[in-house]
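Reviewing the structure listed below.
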There are 2 protein chains.
Amino acid sequence: MNAIANTRVPFEILTAPQLDVPNDGRPVPLSFFNAGSEIYAQGEKVASHYQIEFGAVRIYRLLADGRRQITAFHLAGETFGFEADLAHHFFAEAIVTTGLRTFRPVAGLDRSRELLPLALRCMVRAQEHLLVVGRQTAVERIAAFLIDMADRQGELAQIELPMSRQDIGDYLGLTIETVSRVLSRLRDKGVLKFHGLRILEICKPETLRSMCE
Amino acid sequence: MNAIANTRVPFEILTAPQLDVPNDGRPVPLSFFNAGSEIYAQGEKVASHYQIEFGAVRIYRLLADGRRQITAFHLAGETFGFEADLAHHFFAEAIVTTGLRTFRPVAGLDRSRELLPLALRCMVRAQEHLLVVGRQTAVERIAAFLIDMADRQGELAQIELPMSRQDIGDYLGLTIETVSRVLSRLRDKGVLKFHGLRILEICKPETLRSMCE
DNA sequence: CGCTCGCTTGATATAGCTCAAAAGCTGTGG
DNA sequence: CCACAGCTTTTGAGCTATATCAAGCGAGCG
């Protein structure tokens, strides 16, 4: 159903500046991932976590017949991948070319204090998303998604969607056709304007906000 | 749409044995909640967390028009309520008469280390539940739910559902009628047997398991 | 220039919802 | 112990939002 790219990008460079959370005191290398390449797979036993320097990442799960649910998108600045207790429970892929800092677990260094707030925020996000997917209509889901993206990109009227319609559908529990139809309808109503397929302008933010329920 | 009981049970007793996670070294009181009574509300600023001694709890969110999404059920032995950073993001209610240990935050006592694994498990559960609600059919959702309940009650063939059909529907993103119809269909197929409305026996666990997809 | 791939649009099908009514439980009072 | 009231659950009939299937479109690329 969904083509899953399996190219793991091999190269790593060691030049970039160090971040707040030191990896054992040594500089944290920046790794690059091509669009569609896998960052980690479900079942993998590496308990690293990752901070996005630039780009975007999708976290997802699959059913045996290929149905996919994207549980989260992560954008620049966000941290992900800490759901591994023994092994990862999800897949993570770069959506576009993405640069990541990898924080490997260090013996004797307990990161609970830093990770707990991140885990909580992630849990709350997932549970809030359940309300969207479980109880909202297609229009409400799309509206909620667009507002969320706008908020995360700093409340700009112009937002950039790094992900495809398929990704949006798999995130919201809709088909690609429904996503497309709803977006077209919002465009026709003058709520949105398209500047290219993946850049769109929210012309009537209030209308959009009122559609979330 | 769903009547929300607002009776907060006032009484508290101080006799019960102490648990693993001491509340500042003092014994943790056991509080009782009647069926339907509120444990905490969305927006509340008390950052306690709770361990269930007996009974069952639902965590949920509401839309303005009354649509409800239950994001989690918690059973005896489980801990919940730690999603409050500044304020709770959800409502918590007792489903049946429930006894809780309340752990209040204690200045200078950092519980990150204990809470992180709980938060992670809870996050993974929520994200896995997203796949069920976002991408599975009614039958698959019910099957997944029943298997989950059976697993959590110790793999017994006989399981007890403390929650109503409405609760199950609001957890799985289905209407009460669909829940009822699917359960009836599973009964007619000989997969389930009812011993009273809320006690049921899984006669063909393998068939049920194969329905999760 | 023509292919490919992602997107849009249209027509039709259907799973699950809504509305309605009947059938079981549970508790209360006589 | 029975009868009745107020629930929750089940069942039925018809409807609708969204999925599915199918065709066209347009931008990017060799």
Side-chain angles (χ1 to χ4, degrees), chain A residues 1-5 35-36 58 63 65-69 95-96 132-143 145 161-189 192-200 211, chain B residues 1-5 34-36 58 63 65-69 95-97 132-143 145 160-189 192-200 211 213:
Chain A
M1 181 175 267
N2 305 303
I4 307 297
R58 61 183 164 241
L63 292 172
D65 63 1
R67 279 175 290 175
R68 180 178 71 160
Q69 177 68 41
I95 296 175
V96 292
V132 174
V133 170
R135 285 295 179 214
Q136 297 200 209
T137 65
V139 186
E140 290 169 338
R141 293 182 211 195
I142 297 279
F145 169 71
L161 303 177
M163 67 291 287
S164 68
R165 301 291 191 262
Q166 183 68 65
D167 286 337
I168 298 174
D170 285 348
Y171 178 63
L172 297 176
L174 299 170
T175 59
I176 184 177
E177 293 96 331
T178 301
V179 172
S180 181
R181 270 185 254 272
V182 170
L183 287 175
S184 298
R185 194 134 44 92
L186 292 175
R187 165 174 44 67
D188 296 346
K189 277 188 185 168
L192 301 178
K193 194 175 280 179
F194 286 63
H195 302 282
L197 274 174
R198 303 215 178 161
I199 295 178
L200 49 83
M211 285 175 176
Chain B
M1 180 177 269
N2 306 302
I4 306 299
N34 288 324
R58 60 181 165 242
L63 292 172
D65 62 3
R67 280 175 290 175
R68 182 178 69 161
Q69 177 69 39
I95 296 175
V96 292
T97 304
V132 174
V133 170
R135 285 298 180 211
Q136 297 200 213
T137 65
V139 186
E140 290 169 339
R141 294 183 210 196
I142 296 279
F145 170 71
E160 211 198 307
L161 302 176
M163 66 292 286
S164 69
R165 301 290 190 265
Q166 182 69 65
D167 286 337
I168 298 174
D170 285 347
Y171 178 63
L172 297 176
L174 299 170
T175 59
I176 184 176
E177 294 95 330
T178 301
V179 172
S180 182
R181 270 184 255 271
V182 170
L183 287 175
S184 299
R185 194 135 44 93
L186 292 176
R187 165 172 46 65
D188 297 345
K189 277 188 186 169
L192 300 178
K193 194 175 279 176
F194 286 65
H195 302 282
L197 274 174
R198 303 213 179 164
I199 295 179
L200 50 83
M211 285 175 175
E213 193 257 353

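Reminder, nothing fancy here: chain letters follow the sequence lines and each chain counts from 1. These numbers were taken from a predicted model, which means no experiment stands behind them.
A donor-acceptor pair under 3.5 Å links the side-chain atoms of B/Arg198 to the main chain of B/Pro162, judged by distance alone.
The two residues A/Gln69 and A/Tyr171 have their closest heavy-atom pair at NE2-O, 3.0 Å. Between A/Leu63 and B/Gln136 the shortest heavy-atom distance is CD2-OE1, 3.6 Å. For the residue pair A/Arg135 and B/Arg67, the shortest heavy atom distance occurs at O-NH1, 2.9 Å. For B/Arg141 against B/Leu172, the heavy-atom pair with the smallest separation is NH1-O, 2.8 Å.
Residues satisfying the side-chain hydrogen bond (donor to acceptor under 3.5 Å, both in side chains) criterion with B/Thr97, sequence neighbours excluded, are absent altogether. Taking the side-chain hydrogen bond (donor to acceptor under 3.5 Å, both in side chains) definition, one finds that A/Arg187 meets it with A/Ser184, sequence neighbours left out. In terms of the side-chain contact (heavy atoms from CB on, under 4.5 Å) criterion, residue partners of B/Arg165 (sequence neighbours excluded) are, by chain and number, B/Ile176, B/Val179, B/Leu183, B/Phe194, B/Leu197.
Fit an axis to the five pairs at each end of the helix from C/dC1-D/dG30 to C/dG30-D/dC1 and the two axes sit 30° apart, to the nearest 10 degrees.
Atoms NZ and CD1, from B/Lys193 and B/Ile199 in turn, are 14.5 Å apart once rounded to the nearest 0.5 Å.
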Below 3.5 Å is the cut-off: list the nitrogen or oxygen pairs between protein and nucleotides 24-26 of chain D, distance only.
none

Practice problem: Report, as a single string ordered 5' to 3', how protein heavy atoms within less than 4.0 Å touch nucleotides 7-20 of chain D: B base, S sugar-phosphate only, - not at all. | Solution: -SSBBBB----SSB
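B/Glu140 places its CD atom 14 Å from the C1' atom of C/dG16, with the value rounded to the nearest Å.
Using a 4.0 Å cut-off between a side-chain N of Lys or Arg and a carboxylate O of Asp or Glu, B/Asp167 and B/Arg68 qualify as a salt bridge.
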